[in-house]
There are 2 protein chains.
Amino acid sequence: MGADVTGPRERYRAQVRAEIKQRAWEQLATTGVSALSLKAIAEQLGMSGPALYRYFSSRDELITALIRDAYRSLADALRTAADAGADVAGLADTVRAWALDDPQRYLLIWGTPVPGYHAPDDTTAISTEIMATIVDAYHRRDVPPTGRRIEAHLDGHRGWAVDPAVPAATLRQALAFWTRVHGVLSLELAGHFAGMGFDPALLFDDEIDDLLGR
Amino acid sequence: MGADVTGPRERYRAQVRAEIKQRAWEQLATTGVSALSLKAIAEQLGMSGPALYRYFSSRDELITALIRDAYRSLADALRTAADAGADVAGLADTVRAWALDDPQRYLLIWGTPVPGYHAPDDTTAISTEIMATIVDAYHRRDVPPTGRRIEAHLDGHRGWAVDPAVPAATLRQALAFWTRVHGVLSLELAGHFAGMGFDPALLFDDEIDDLLGR
DNA sequence: TCGCTCTAGTTAGAGCCTATAACTAAGGTG
DNA sequence: CACCTTAGTTATAGGCTCTAACTAGAGCGA
């Protein structure tokens with residue numbers, strides 16, 4: 001069922017769109033999103049400028065597609081790791097490996113946003129899925145309540161938690177996981193540790209250890 | 001001494017440069033750095049495009065000046081707070097207030113960098129000064145060693161620490177301060193908590209509490 | 001197989017930007 | 001008071017995104 005009977009037109013279209021995105025990722029990795037040039041991509045594909053607009057109606061739409069794919073890729077990586085039995089520390093390593101694999105891809109979704117840009121609903125849905133994977137991993141650990149102020153607050157503001165049975169203490173841990181992982185990774189990827197001499201991997205591991213009460 | 005005997009030419013020049021930066025900050029706050037337009041600034045000042053190049057030789061040089069000023073502003077804010085007796089928690093609040101006061105200013109220095117852009121030496125010097133202020137605040141708390149793996153590592157890689165008498169345990173705490181504060185703040189400023197419903201301020205405070213062993 | 005239609009590509013160009021070159025005019029300086 | 005330095009000008013090159021108008025060919029139904 002639903003075996004979308006794509007004619008050759010549709011098939012070709014999808015292929016060219018994929019090729020455009022491929023080139024876009026290559027450019028992104030070296031120049032960053034701000035210097036992403038549709039014209040340059042078109043020329044690399046042997047077509048001239050405006051032809052690309054048949055496939056993406058604007059630069060923003062291409063970037064949105066890239067953002068969507070990046071979210072999807074991270075969500076899949078985490079889901080795969082979790083299904084393979086990864087615990088919280090394993091998920092942290094998964095995120096780090098995913099980030100180092102393509103720093104600009106990480107920064108594209110978690111870095112500085114363009115003011116005024118509003119992410120489409122489906123990307124925020126994937127973002128929720130990512131958080132759910134992390135929450136699940138903590139839920140399996142059975143986090144005890146601590147009576148911290150934020151736990152009471154989160155009990156009243158848990159709209160983002162998919163599973164209503166998850167205790168607030170677990171939600172707090174998931175948030176801390178997210179912010180700490182991002183804190184180390186984003187500074188590392190942005191090069192702020194360069195020249196300081198220490199190994200960011202050790203700092204990352206140390207933060208994760210702390211997060212797990214080790 | 002050294003009362004630079006600026007003639008009227010120099011004085012006027014400095015004033016115009018300041019006015020350009022002022023307009024640049026206004027633009028930055030609304031459009032972000034990627035959309036910063038020299039031409040638009042020039043027109044706001046009633047001069048036409050190329051005139052601005054008398055004051056900043058390129059867009060990059062203007063942005064570099066803004067980055068320098070932003071680092072300076074944050075370093076001063078922290079120094080002032082520390083001199084007024086602020087402890088680690090107080091410094092954290094100072095950073096947060098500074099960030100919320102102008103989110104784009106925070107993201108300009110701590111957000112996604114342009115690949116290939118290399119910060120001039122004096123800004124990294126200010127960055128070191130910022131870290132020194134944080135390290136000092138922890139040093140006053142007398143952090144006990146924990147025997148964690150990263151402490152041994154930091155003992156061998158402490159080039160960035162200004163004061164050689166500071167123990168590695170303190171350096172580790174300062175790094176954790178930096179990454180955790182940045183982790184929460186950057187996600188908050190980037191709008192990733194929007195729509196989740198909870199109050200980022202409580203999460204921030206909770207992370208700081210945790211950092212202080214509370 | 002034929003012919004229609006749809007669409008992927010083209011070039012031309014508007015309008016934005018950064019940046020340089022050549023020139024003008026006015027102010028500071030000796 | 002004359003000179004010269006410099007802040008500003010316009011013109012222009014060259015980059016970008018994106019629209020408009022057109023062309024040619026590939027897919028589709030009869």
Side-chain angles (χ1 to χ4, degrees), chain A residues 4-28 30-67 108 114-118, chain B residues 3-28 30-67 104 108 114-118:
Chain A
D4 32 11
V5 206
T6 53
R9 281 244 162 96
E10 289 283 321
R11 196 154 48 236
Y12 178 73
R13 209 180 150 70
Q15 184 188 322
V16 174
R17 269 182 72 104
E19 206 163 340
I20 290 170
K21 287 200 284 188
Q22 181 52 39
R23 300 289 180 160
W25 281 118
E26 290 168 14
Q27 244 192 59
L28 219 63
T30 61
T31 69
V33 67
S34 64
L36 184 70
S37 160
L38 298 195
K39 202 194 169 199
I41 293 171
E43 276 169 11
Q44 278 183 350
L45 296 182
M47 53 169 98
S48 228
L52 215 142
Y53 286 79
R54 293 269 168 201
Y55 302 94
F56 294 93
S57 70
S58 72
R59 189 172 176 278
D60 252 32
E61 200 194 285
L62 172 57
I63 292 174
T64 297
L66 297 177
I67 291 176
L108 179 66
V114 177
Y117 177 86
H118 193 62
Chain B
D4 31 11
V5 208
T6 52
R9 281 239 161 102
E10 289 282 320
R11 197 155 47 238
Y12 177 73
R13 209 180 149 70
Q15 183 187 322
V16 174
R17 269 182 74 103
E19 204 161 342
I20 290 170
K21 288 199 284 188
Q22 179 54 39
R23 300 290 180 159
W25 281 119
E26 291 167 14
Q27 246 193 55
L28 218 63
T30 62
T31 70
V33 68
S34 63
L36 184 70
S37 161
L38 297 195
K39 202 195 168 198
I41 293 172
E43 276 169 11
Q44 279 182 351
L45 295 182
M47 53 169 99
S48 228
L52 214 141
Y53 287 79
R54 293 271 169 201
Y55 300 94
F56 294 92
S57 70
S58 70
R59 187 172 176 277
D60 252 31
E61 200 192 284
L62 172 56
I63 292 174
T64 298
L66 297 177
I67 290 175
Q104 288 296 327
L108 179 65
V114 177
Y117 176 85
H118 192 65

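Here is the naming used below: chain letters follow the sequence lines, and residue numbers restart at 1 for every chain.
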*Asks:* Examine distances only and state if a side-chain atom of Arg13(B) and a backbone atom of Arg54(B) form a donor-acceptor pair shorter than 3.5 Å.
*Replies:*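 It does hold such a pair.
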*Asks:* Hey, does Leu36(B) reach any base, or is it just sugar-phosphate, or nothing, if we go heavy atoms under 4.0 Å?
*Replies:*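 Sugar-phosphate, backbone atoms only, no base.
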*Asks:* Under 4.0 Å, heavy atoms only, any strand: does Leu45(A) hit a base, just the sugar-phosphate, or nothing?
*Replies:*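 Since no nucleic acid heavy atom lies under 4.0 Å of Leu45(A), the category is nothing.
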*Asks:* Name the residue closer to the 5' end of DNA chain D, choosing between Gly49(A) and Arg54(A) according to the nucleotide with the nearest heavy atom.
*Replies:*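 First, find each residue's nearest nucleotide; the 5'-ward one identifies Gly49(A).
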*Asks:* From the list dG9(C), dT9(D), dT20(C), which nucleotide is the closest neighbour of the side chain of Met47(A)?
*Replies:*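 Out of dG9(C), dT9(D), dT20(C), the nucleotide with an atom closest to Met47(A)'s side chain is dG9(C).
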*Asks:* Any donor-acceptor pair, under 3.5 Å, between the side chain of Arg9(A) and the base of dA26(D), if you only look at N and O atoms?
*Replies:*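 Checked by distance alone, the answer is yes.
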*Asks:* Could you check Leu45(B) against Tyr55(B) for side-chain contact (heavy atoms from CB on, under 4.5 Å), going step by step and ending with a plain yes or no?
*Replies:* CA-CA 13 Å; Leu45(B) 295 182; Tyr55(B) 300 94; over 6 Å; no
*Asks:* So if I take every side-chain heavy atom of Tyr53(A) and compare against dA19(C), dT9(D), dT19(D), which nucleotide ends up nearest?
*Replies:*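 Out of dA19(C), dT9(D), dT19(D), the nucleotide with an atom closest to Tyr53(A)'s side chain is dT19(D).
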*Asks:* Only one of Ile41(B), Leu62(B), Leu28(B) forms a side-chain contact (heavy atoms from CB on, under 4.5 Å) with Lys21(B), so which one is it?
*Replies:*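 So, applying the side-chain contact (heavy atoms from CB on, under 4.5 Å) to Lys21(B) and each of Ile41(B), Leu62(B), Leu28(B), only Leu62(B) qualifies.
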*Asks:* What is the distance from CD of Gln15(A) to P of dA8(C), rounded to the nearest Å?
*Replies:*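 My rounded result for the distance is 13 Å.
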*Asks:* Without decimals, in angstroms, what is the distance between Tyr12(B) OH and dT29(C) C1'?
*Replies:*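 Rounded to whole Å, this separation is 19 Å.
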*Asks:* Find out whether Trp25(B) and Leu108(B) are in side-chain contact, i.e. whether some heavy atom of one side chain is under 4.5 Å from a heavy atom of the other.
*Replies:*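 Contact flag for Trp25(B)/Leu108(B) side chains = yes.
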*Asks:* Could you state the atom-to-atom distance from CZ of Arg59(B) to P of dG15(D) in whole Å?
*Replies:*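 That distance rounds to 18 Å.
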*Asks:* Nearest nucleotide by nearest heavy atom, which residue falls closer to the 5' end of DNA chain C, Pro50(A) or Glu43(B)?
*Replies:*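 Its nucleotide being nearer the 5' end, the pick is Pro50(A).
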*Asks:* Whole angstroms only, please: what is the NZ-P distance between Lys39(A) and dG9(C)?
*Replies:*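 Result: 18 Å.
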*Asks:* Would you kindly give the CD-to-C1' distance between Glu10(B) and dT29(C), to the nearest whole Å?
*Replies:*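 So the CD-C1' distance, Glu10(B) to dT29(C), works out to 14 Å.
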*Asks:* Out of curiosity, Gln104(B) CD to Thr30(B) OG1, how far, rounded to the nearest 0.5 Å?
*Replies:*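 Interatomic distance, Gln104(B) CD to Thr30(B) OG1, rounded to 0.5 Å: 8.5 Å.
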*Asks:* Could you check how far CZ of Arg11(B) sits from C1' of dG27(C), rounded to whole Å?
*Replies:*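 To the nearest whole Å, that distance equals 14 Å.
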*Asks:* Starting from C1' on dC17(C), measure out to CD1 on Ile41(B) and report it in whole angstrom.
*Replies:*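 Taking atom C1' of dC17(C) as the reference, CD1 of Ile41(B) is at 13 Å.
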*Asks:* Rounded to the Å, how far apart are Glu61(A) CD and dT19(D) P?
*Replies:*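 Glu61(A) atom CD is separated from dT19(D) atom P by 11 Å.
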*Asks:* Any side-chain N or O of Ser48(A) under 4.0 Å from OP1/OP2 of dT10(C)?
*Replies:*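 Result: no.
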